[in-house]
Amino acid sequence: MYRRIQEGMCLSPPISGFDVFEDVKKESFFQSQPAMLSLCAHLQELKGKMSGFSNTEVREEIHKLLQVSLWGNKCDLSISGGQDNSQKTSVLSSLEDFKAFILVDDMDSLWNILLRNRDGNNESRTRVDIVLDNAGFELVTDFILADAMLSLNLATEVHFHGKVGPWYVSDTTKHDYDWTIQKCLATNNKWMSKCGQTWKENLKKGRWVYHQHLFWTLPHEYCTMAEVAPDLYTELQKSDLVLFKGDLNYRKLTGDRKWDYTVPFSEALRSFHPAPLCSIRTLKADVQVGLQEGVGERLSAAETDWMISGKYGVIQFSPVV
Ligand SMILES: O=P(O)(O)OC[C@H]1O[C@](O)(CO)[C@@H](O)[C@@H]1O
């Protein structure tokens with residue numbers, strides 16, 4: 001359907017470059033602004049005190065921001081049919097309450113990779129890639145996470161991957177990416193504006209890099225990437241850690257199959273192992289692997305819509321196997 005819409009636009013010059021979802025995406029950004037402001041203030045405060053942080057404190061902070069980025073994935077405009085689905089309240093203050101809804105949390109595995117950079121010598125490089133999902137609140141949570149990873153010396157460069165055109169209503173395009181940074185920079189809130197400034201500089205200095213590839217809007221499951229888009233697979237192989245945001249990425253990682261809940265994530269990925277990777281996803285479609293014995297059955301008995309409501313989430317890691 002999204003390709004059909006895109007095709008319709010492409011065949012209608014002079015509006016072939018028009019994003020039919022632009023207005024709802026912008027509206028969702030503005031409606032989430034109070035929640036974004038509190039995150040930006042939190043990040044700047046963190047930067048002010050992090051020089052004396054122990055590794056344990058750094059771990060705790062980055063774990064918090066990973067969870068913020070996870071819950072940011074609740075805000076997509078395809079699950080709400082384009083209706084307001086913005087973040088109205090600060091996520092940070094709710095993290096403890098939300099913990100029970102994280103079905104898999106592989107933070108330890110992520111930490112082992114990120115710690116290598118922090119403990120390494122100045123010449124070591126750690127590249128983290130983020131395969132983006134929704135613009136609006138979720139994108140800002142991804143920026144906050146990426147900024148913190150650089151500032152806390154857990155990574156040296158972050159590469160973002162976006163869509164070539166409008167997709168699943170709110171998915172991030174290059175225009176959304178640049179627009180969001182520019183809007184943050186131009187706001188009259190000092191913390192948000194400072195964030196926007198840093199993010200613009202990160203791009204200029206090559207600490208942040210934006211990529212786009214047609215593959216992300218093609219129907220292929222990711223285990224075919226090496227064959228269908230070898231250039232993209234080779235690009236991901238340069239990464240130390242690839243974070244896949246959102247539900248649709250999870251469906252394509254696991255091939256949207258009816259896996260048993262307990263099948264290991266690495267197995268469900270089949271031949272897709274370009275680099276260590278992690279899915280950060282709230283559940284909106286009926287595929288889930290890597291659960292402890294009995295968890296899926298227990299949830300199914302208690303809540304018929306647990307796999308599609310966006311209430312549950314995973315931070316699920318796979319090493320290169
Ligand atoms: O933005 P996300 O997290 O990838 O979610 C997209 C998901 O939303 C839906 O369009 C509706 O729930 C799913 O079909 C799709 O997997």
Side-chain angles (χ1 to χ4, degrees), residues 1-6 19-22 24-29 31-32 66-87 91 98 101-104 129-143 145 160-173 176-177 180 212-213 215-222 225 242-259 265 268-269 272 277-289 299 303-316:
M1 179 183 82
Y2 294 101
R3 267 206 312 284
R4 276 295 170 89
I5 296 173
Q6 180 74 345
D19 179 349
V20 287
F21 303 123
E22 191 172 326
V24 278
K25 284 192 265 191
K26 286 186 175 168
E27 208 181 305
S28 147
F29 173 90
Q31 279 162 347
S32 303
L66 264 172
Q67 291 170 75
V68 168
S69 171
L70 166 66
W71 298 121
N73 179 243
K74 275 188 179 187
C75 301
D76 90 72
L77 290 167
S78 80
I79 198 171
S80 61
Q83 297 304 303
D84 176 20
N85 193 12
S86 53
Q87 181 66 35
V91 193
F98 286 168
F101 301 107
I102 304 181
L103 302 178
V104 178
D129 284 53
I130 305 182
V131 182
L132 294 169
D133 192 14
N134 301 290
F137 181 69
E138 181 172 3
L139 181 59
V140 172
T141 65
D142 298 335
F143 284 164
L145 175 66
F160 296 90
H161 300 264
K163 306 292 191 295
V164 287
W167 188 247
Y168 274 74
V169 186
S170 42
D171 280 18
T172 306
T173 61
D176 299 326
Y177 183 91
T180 305
Q212 60 183 19
H213 198 290
F215 181 82
W216 303 119
T217 49
L218 293 176
H220 308 291
E221 46 190 12
Y222 293 167
M225 186 190 285
V242 187
L243 306 178
F244 284 87
K245 291 298 311 287
D247 189 67
L248 189 59
N249 276 324
Y250 194 84
R251 291 171 58 187
K252 290 181 165 187
L253 283 165
T254 55
D256 236 347
R257 306 280 165 90
K258 197 146 185 51
W259 298 103
F265 184 40
L269 293 171
F272 186 66
L277 64 86
C278 180
S279 164
I280 300 175
R281 165 242 188 177
T282 59
L283 279 63
K284 303 170 195 164
D286 57 357
V287 53
Q288 183 59 54
V289 295
L299 286 165
E303 292 173 55
T304 46
D305 66 346
W306 70 278
M307 294 183 100
I308 55 166
S309 60
K311 175 176 162 189
Y312 293 91
V314 293
I315 299 174
Q316 193 162 33

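Both ligands and their constituent atoms are indexed starting at 1 by order of listing. Please read these numbers as outputs of a predicted model, since none were measured by experiment.
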Quiz item: Given L70, which of L145, V91, I280 fulfils the side chain to side chain contact (heavy atoms under 4.5 Å, CB included) condition?
Solution: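 Per the side chain to side chain contact (heavy atoms under 4.5 Å, CB included) rule, the option paired with L70 is I280, out of L145, V91, I280.
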Quiz item: Using the ring of each side chain (for Trp, its six-membered ring), is Y250 parallel, tilted or perpendicular to F265, with breaks at 30° and 60°?
Solution: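 The rings of Y250 and F265 lie parallel, inter-plane angle below 30°.
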May I ask you to check if ligand 1 and [X] share an N or O to N or O distance below 3.5 Å?
X    : value
D171 : no
A285 : no
N134 : yes
K284 : yes

Practice problem: Check D133, D142, D129 against K245 for a salt bridge (Lys or Arg N to Asp or Glu O under 4.0 Å) and give me the one that passes. | Solution: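 For K245, the salt bridge (Lys or Arg N to Asp or Glu O under 4.0 Å) check succeeds only for D142.
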Quiz item: So, Y168 and N134: side-chain donor and acceptor under 3.5 Å apart, yes or no?
Solution: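 The criterion, which ignores hydrogens and geometry beyond distance, is not satisfied for N134 and Y168.
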Quiz item: Looking at residues at least two apart in the chain, or sitting in another chain, which of them share a side chain to side chain donor-acceptor pair (under 3.5 Å) with T217?
Solution: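 Residues passing side chain to side chain donor-acceptor pair (under 3.5 Å) with T217: none at all.
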Quiz prompt | Counterpart residues, side chain to side chain donor-acceptor pair (under 3.5 Å), relative to Y312 (two or more places apart) | solution =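 So Y312 forms a side chain to side chain donor-acceptor pair (under 3.5 Å) with E303.
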Quiz item: Between R251 and ligand 1, which part of the residue brings a heavy atom under 4.0 Å of the ligand: side chain, backbone, both or neither?
Solution: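 R251 to ligand 1: side-chain contact only, backbone stays beyond 4.0 Å.
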Practice problem: Have a look at ligand 1 and work out which part of D133, if any, has a heavy atom under 4.0 Å from it: side chain, backbone, both or neither. | Solution: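 The part of D133 near ligand 1 is the side chain, not the backbone.
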Quiz item: Going by the atom numbers of ligand 1, which of them fall below 4.0 Å from some non-hydrogen atom of N73?
Solution: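 Atoms satisfying the 4.0 Å criterion: 3 (O).
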